[in-house]
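Heads up: the structure comes next, in structure tokens.
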Amino acid sequence: MSQPLSGQCTCGDVRYPLTAAPMFEHGCHGSWCQRETGSAFALNALIESSTVKLLSGALATTQRPSSSGDVS
């Protein structure tokens, strides 16, 4: 990774750095991803949890119903 990456949630409360490159990135233009995101595509990245550090905010789990799979 040539430079450190950082990110935040949409509201900006949770902030984090990524200390290593993702294992892979993927852009999906399939109809399920379009339906689930309300967009023309979905972006996904597989990262190891040990490469993410919480800088600020509190994490919470939110379940959202999805017709593409089981949420239990």
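Computed from a predicted structure; not experimentally measured. Every heavy atom of this structure was used, including side-chain atoms; hydrogens, water molecules and symmetry mates were not.
Heavy atoms only, all atoms of each residue included: Gly27 and Leu43 are closest at CA-CD2, 4.0 Å. Residues Ala40 and His29 come closest through the heavy atom pair O-ND1, 3.4 Å.
Between the Thr51 side chain and the Thr19 main chain, no donor and acceptor come within less than 3.5 Å of each other. No side-chain donor-acceptor contact under 3.5 Å links Gln8 to the backbone of Val14.
Contacts of Thr37 classified as side chain to side chain contact (heavy atoms under 4.5 Å, CB included), with partners at least two apart in sequence or in another chain: Ser39, Ala42.
Atom SG of Cys33 and atom CG of Asn44 lie 6.0 Å apart (nearest 0.5 Å). Interatomic distance, Ile47 CD1 to Tyr16 OH, rounded to the nearest 0.5 Å: 7.5 Å. Here the CG atom belonging to Leu46 is positioned 10.0 Å from the CD atom belonging to Glu25, to the nearest 0.5 angstrom.
Applying the 6.0 Å contact sphere to CD of Glu48 captures no more than 12 heavy atoms from other residues, nucleotides or ligands.
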